Amino acid sequence: MAMKRVAASALNTLVKRPPNSTLASSSSAAAASASFLLSRDLHASPGSKKIVGVFYKAGEYSEKNPNFMGCVERALGIREWLESQGHKYIVTDDKDGPDAELEKHIPDLHVLITTPFHPAYVTEERIKRAKNLELVLTAGIGSDHIDLKAAAESGLTVAEVTGSNVVSVAEDELMRILILVRNFVPGYLQVINGEWNVAATAYKSYDLEGKTVGTVGAGRIGRLLLQRLKPFNCNLLYHDRIRMDPDLETLTGATFEEDLDKMLPKCDVVVINTPLTEKTRGMFNKEKISKMKKGVLIVNNARGAIMDTQAVVDGCTSGHIGGYSGDVWYPQPAPKDHPWRYIPNHAMTPHVSGTTIDAQLRYAAGVKDMLYRYFKGEDFPTQNYIVKEGELASQYR
C-alpha cells in the first residue's frame, strides 16, 4: 500500500498548479519570427486531442509491480485522466515499418509520446505526414530519436522530462564501471555454467581505487557520476564544452580537461556522457579509440550511435578495449545479429538504466504535468524544451 501511495503522489502532485501559474503571454507570440507565421501552435489548439504513446510491452511483468508505469500495459498511468478530459489515447509498441500500428495514426495524431528505451523514430518523412501533430514528448531524457532539425523547421514543440532519470543512469554507470574493473561477468558465467576457475577471473580483476576515470560530458548525469566516484579515491577527469564552476569542481573532485585527445590517454576508464548530435555521431571511431590506453574500459549509457560500431568490435577483439559496457545500441531494439552481442569482454544489456521503477514514476508524472500545461496553454519548465518556436536546445546545436 505504501508503494501505491508513492505512485499516486508522484503522478498527481505535479498537476496541481499554483494559483499564480503563468500562461503563455501574447507578447511572446508576437515576438515569434515571421518565418513561423505558418508554423504549428506552441500550445494546444481547441478541442479533443488524439494522443499516441509508444512504449515497450511488459507482458506478464506488468502485473508484478503496480508502479511499472513505462510500459504499454500501464501507459504512464494517464489513460483515465486523458479520457476523462475527452481526449483519445492510443498506445502501442508497434513502431517500425510501413505496416506498423504507429503509421496508421501519423496523419491525424496531435501529440506523440515516446521513450528512449523503445524509441519511435520521428523522421522528417513522418513529420511531413503528421499534419495535425503539435507536440512530441519524450518520457525520459534524450530526444535524438526525433529529427530535431525537421521538427524545428515545421514548428513542432519537442520536450522531455529533464532530470527524471539522471540518478538512475549515474548509478547504473557506477555499477558498470565496477563490473568491468572487477571482471565480474566471467565469474558470474562460471557459476551459471557449473564451473570454478578463480584464476580465469582474477587475472584481470582490479581495485577501482587509484584508477583514472574520465567522463566525456559533465552535464547532470556526468556530475552525479563524478560525485559518486569521489569516495572511491579515483583520479577524476572530465571533458565538456563548458567548464564547471569551481565549487562544483571541488564538490566532485574532478579536473577539467579542455582537450579530449589529451585526456583519453590518461584514463583507465572512459565514460560517455554526451548527447547524440550531428557532431558526436560516430565520434568514437578507430582513430579516437586508438588514442586511449591499451586495455581501456569504456562505459556508454549515452547513445549507441556515438560509437563507431565496427571500431568497438575491432577494439574489443584486439584487446585494445579491455571491456565495453552500456545499455544503448543503434538501432533499438538491437537486432539479433548486432555485432556487440558477440564481442569479447562486454557487459551489455538492453536499454534499462533510465527506466527503473523510480525513474518511471518521475517521467510519468513529468509527462502528465506537461500535458496539463499544454491543454491549459501554459509554458513548460524551460529546461524541458528541446525544440521551441524553431529553436533547438543548446546541447543539440
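Worth saying up front: this structure is predicted, and the values here are computed from it rather than measured.
- When the shell of 6.0 Å around NZ of Lys50 is examined, it contains more than 12 heavy atoms from other residues, nucleotides or ligands.
- Sorted by first and then second residue, the ring-ring contact (aromatic ring centres under 6.0 Å, His included) pairs with a member in residues 84-111 read His87-Phe375; sequence neighbours excluded.
- Salt bridge annotation for Asp369-Arg373: present, with a cationic side-chain nitrogen under 4.0 angstrom from a carboxylate oxygen.
- Partners of Pro98 according to the side-chain contact (heavy atoms from CB on, under 4.5 Å) rule, which considers only residues two or more places apart in sequence or in another chain, do not exist here.
- Among pairs with a residue in residues 76-86, those fulfilling salt bridge (Lys or Arg N to Asp or Glu O under 4.0 Å) read Arg79-Glu83, at least two apart in sequence or across chains.
- As a member of the Ile/Leu/Val/Met/Phe/Trp/Tyr network built from side-chain separations under 4.5 Å, Val213 groups with Leu174, Ile177, Leu178, Leu180, Val181, Tyr206, Leu208, Leu225, Leu226, Leu229, Phe232, Leu236, Tyr238, Met244, Leu248, Leu251, Phe256, Val269, Val271, Leu297, Val299.
- Ring-centre distance between Tyr385 and Phe380: below the 6.0 Å cut-off.
- Contacts of Val167 classified as side-chain contact (heavy atoms from CB on, under 4.5 Å), with partners at least two apart in sequence or in another chain: Glu171, Leu224, Arg228.
- Annotation: side-chain contact (heavy atoms from CB on, under 4.5 Å) contacts of Asn233 (sequence neighbours excluded): Glu209.
- Using a 4.0 Å cut-off between a side-chain N of Lys or Arg and a carboxylate O of Asp or Glu, Glu173 and Arg176 do not qualify as a salt bridge.
- Tyr396 and Glu278 share no donor-acceptor pair across their side chains, judged by distance under 3.5 Å alone.
- Among residue pairs with one or both ends in residues 287-306, those qualifying as salt bridge (Lys or Arg N to Asp or Glu O under 4.0 Å) are Asp144-Arg303, Asp261-Lys288, Asp268-Lys293; sequence neighbours excluded.
- Scored by the side chain to side chain donor-acceptor pair (under 3.5 Å) test, Lys211 finds no partners at all (sequence neighbours excluded).
- With Tyr363 as the fixed residue, the side-chain hydrogen bond (donor to acceptor under 3.5 Å, both in side chains) test singles out one of Asn165, Thr355, Thr115: Thr355.
- Under the side-chain contact (heavy atoms from CB on, under 4.5 Å) criterion, Asp96 pairs with Tyr121, sequence neighbours left out.
- Taking Ile, Leu, Val, Met, Phe, Trp and Tyr as hydrophobic and joining them when side-chain heavy atoms fall under 4.5 Å apart, one finds Tyr188 in a cluster with Met175, Ile179, Phe184, Val185, Leu189, Ile192.
- Using a 4.0 Å cut-off between charged side-chain N and carboxylate O, Glu103 and Arg129 make a salt bridge.
- Contacts of Thr255 classified as side chain to side chain donor-acceptor pair (under 3.5 Å), with partners at least two apart in sequence or in another chain: none.
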Show your reasoning for whether ring-ring contact (aromatic ring centres under 6.0 Å, His included) applies to Phe55 and His118. CA-CA 6 Å; Phe55 312 107; His118 188 72; 9.1 Å; no
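- Nearest heavy atom pair, residue Ser164 against residue Ile141, reads OG-CG2, 4.1 Å.
- Taking the charged nitrogens against the carboxylate oxygens, Glu257 and Lys266 do have a contact shorter than 4.0 Å, which makes a salt bridge.
- Counting Ile, Leu, Val, Met, Phe, Trp and Tyr side chains that sit under 4.5 Å apart, directly or through other members, Met283 shares a hydrophobic cluster with Val216, Leu237, Leu260, Met263, Leu264, Val270, Ile272, Leu276, Phe284, Ile289, Met292, Val296, Ile298, Ile306, Met307, Val312, Val313, Ile321, Tyr324, Trp329, Trp340, Ile343, Met348.
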